[in-house]
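Below is one structure, written out as structure tokens; comments come after it.
Predicted model only: the values in this text are computed from it and were never measured.
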Amino acid sequence: MNTGAVPGRARRQWRRPPLIADRRLRWALYLSLVLYLVVGIGSLEVNWQRVVDGLDRGAAFAGALLRPDFSSRGPEILEGLLESLSMTLTATVIGLLLAVPVAIGAARNLAPLPVYVLCRGIIAVSRSFQEIIIAILFVAMLGFGPLAGVATLAFASIGFIAKLLAEDIEAMDPKPIDAIRASGAPPGLLLNWAVQPQVLPRLAGITLYRLDINFREAAIIGIVGAGGIGATLNTAFDRYEYGTAAAILLLIIILVMSAEYASGILRERLR
Amino acid sequence: MLRIEALCKRYGRDALALDDVRLNLAAGEVIALIGPSGAGKSTLIRCINRLVEPTSGKIWLGDTELTSLNSRALRKARRRIGMIFQEFALVERLSVMENLLSGRLGYVGFWRAALRKFPQSDIDRAFDLLDRVGLPDYADRRADALSGGQRQRVGIARALMQTPDMLLVDEPTASLDPRTSRQIMRLISEICAEQGLPAIINIHDVPLAQRYCRRIVGLRQGRIVYDGPAEGLSAEVLTDIYGAEDWEASSRADEGAEA
């Protein structure tokens, strides 16, 4: 009954409306996009000789990846890994402890406006710099070594954890808050009884995720002198010890993957 | 017991949500507050415990003038006012027992509450109340594992944990089926009668209001347009409260559905 065309009436066409309604503007945009691409590719200067040379090194490295060398620099690798792991854990815990108050302050439904602006500011500053840049700063301030690394990762963790947690706090169900408030509970207990149960699983998830990220970052910031396995990796490359470098990379991959797997299981349980 | 004088509430620059509301509640008196959506029923009871700040007017609970209290004194006053909510407003991830004990948060210290080390008298009271509302074996269930009716029973027990002097009840049956609605209303009115608790019950359902409350207050656009016995709710009065066109249309639709 409701299929087929109604007799005596012309079939009506339908087509999805284009994103840009004006036909001329649309085609002009497409054209300029293609032109930009052509000019952009044309402006690349590729030194093919260098590419060919590099291929050999690439092949050597790829070959070494198949023959990772764990033994000749074993103690250094182990030491670097342990340092990275302890940097990661310390920094995540410090970051978490500092991020929670910032997140509460950055939730519009809990904090008054001045506190909100201040805490959002802290988050913005913490998130606007890439870890390497922060690491360079802290290495200059605190000297080479894992202390600078911990400071870097903790600082970066604050913004990350606080932003995501603040968003979860803002999205929580307001009714239990009203109920706890109506019982005459003081503000501290309001947080402990109405807010914390609602956001704890998400906070655990965010923290475990940040732990992942911090481990990866811990491997990188060593390159600028902030301690950890990154320094060992950098040295290995400098000495053309590709076997050792490959061993380090493999270990990082295994550790990151197992951290991700473990955090997945934990998050599942914390519902 | 409760005295409301010239209470007004204005949200931003909108029209008055409450307009010169005056209401007296005697000890042990249970009233139903009826009226269309947006009439200000919820605003009125939230003004009493100041979950919503009144714009002007005064409210006395016994000898305490509620609208002028500072935040510390307000928290003390709130302990005396139990509140029951429309969608239960339990903390879903906490156990039933914790939800009940949350009614004591105005009384116990921070660390006792944070570590869940409540006085034995509170625990005893919680178990007694669980028995009274018909959930004797539910103490360690999580609140989100309960049905709607069970959750509202927990909500009632939580309000009673405060050892309140009065109850504010905001649409207790709005998210429940008709049978559970009656059971919940019966439980609330029985408990009020047992303990001599005065209560204001916001409710959409006029027959339910008439059945369980002797005094009815009708609110329309923030003004009290009826305050009298349940038997006095004639068709004209209901038209006054709910507005002529809407009232006639919906009652005819009801009759049509029943026929």
Side-chain angles (χ1 to χ4, degrees), chain A residues 96-97 99-101 103-105 107-116 164-208 265-271, chain B residues 42 45-46 48-52 69 71-95 98-116 142-144 151 154-155 158-164 167-168 170 175:
Chain A
L96 172 67
L97 292 179
V100 168
I104 293 166
R108 192 67 198 95
N109 51 351
L110 294 180
L113 191 62
V115 179
Y116 172 78
L164 294 179
L165 180 60
E167 266 154 30
D168 201 45
I169 293 177
E170 285 177 344
M172 72 189 167
D173 184 359
K175 291 191 296 286
I177 313 279
D178 274 353
I180 300 292
R181 192 172 273 154
S183 75
L189 286 177
L190 188 72
L191 288 175
N192 181 233
W193 281 71
V195 178
Q196 187 186 320
Q198 291 201 58
V199 301
L200 200 59
R202 177 97 173 101
L203 176 60
I206 294 167
T207 307
L208 288 169
I265 292 176
L266 265 169
R267 270 180 278 180
E268 191 62 40
R269 292 211 176 159
L270 276 169
R271 249 169 247 286
Chain B
S42 210
I45 68 166
R46 276 157 192 266
I48 294 172
N49 63 1
R50 280 173 61 190
L51 286 181
V52 168
L69 297 176
S71 59
R72 179 179 290 265
L74 174 63
R75 286 203 296 274
K76 279 202 161 161
R78 278 176 176 163
R79 303 188 306 198
R80 299 166 56 199
I81 308 171
M83 192 161 181
I84 296 167
F85 292 83
Q86 176 171 3
E87 283 163 317
F88 328 125
L90 304 180
V91 184
E92 303 256 302
R93 285 201 187 88
L94 294 184
S95 66
E98 284 173 299
N99 270 291
L100 257 67
L101 290 172
S102 73
R104 300 302 294 173
L105 292 179
Y107 294 93
V108 300
F110 178 85
W111 289 109
R112 289 201 100 155
L115 300 170
R116 310 298 195 255
R142 252 169 67 151
D144 53 10
R151 287 182 202 206
V154 175
R158 171 177 65 187
L160 295 172
M161 280 299 289
Q162 291 174 225
T163 52
L167 288 180
L168 301 174
D170 193 6
S175 28

So what's closer than 4.5 Å to chain A heavy atoms on B:Arg158: side chain, backbone, both or neither? side chain
With B:Ala77, which residues qualify under side-chain contact (heavy atoms from CB on, under 4.5 Å), at least two apart? B:Leu66, B:Leu69
Select one option (side chain, backbone, both, neither) describing which atoms of B:Ile81 are under 4.5 Å from chain A's heavy atoms. backbone
Applying a heavy-atom distance below 4.5 Å, give me the residues of residues 167-175 of chain A that approach chain B, sorted by number. A:Lys175
One should read off an interatomic distance between B:Leu101 CG and A:Ser183 OG, to the nearest 0.5 angstrom, of 11.5 Å
Can you tell which part of B:Arg112 gets under 4.5 Å to a heavy atom of chain A, answering side chain, backbone, both or neither? neither
Which pair of heavy atoms, one from A:Trp193 and one from B:Glu98, lies closest together, and at what distance? CZ3-O, 3.0 Å
In terms of heavy-atom proximity below 4.5 Å to chain A, should B:Phe85 be classed as side chain, backbone, both, or neither? side chain
With rounding to the nearest 0.5 angstrom, report the CG to CG distance, B:Leu115 to A:Asn192. 8.5 Å
Would the distance check show the side chain of B:Arg78 and the main-chain N or O of A:Ala182 forming a donor-acceptor pair, the cut-off being under 3.5 Å? no
Tell me, out of B:Arg79, B:Gln162, B:Met83, who's got the most heavy-atom pairs with chain A below 4.5 Å. B:Gln162
Is there any salt bridge (charged side-chain N to carboxylate O under 4.0 Å, His left out) pair reaching into residues 178-201 of chain A, and which pairs are they, with sequence neighbours excluded? A:Asp178-B:Arg46
Residues of residues 184-191 of chain A with a heavy atom under 4.5 Å from any heavy atom of chain B, in residue-number order, are A:Gly184, A:Ala185, A:Pro186, A:Pro187, A:Gly188, A:Leu189
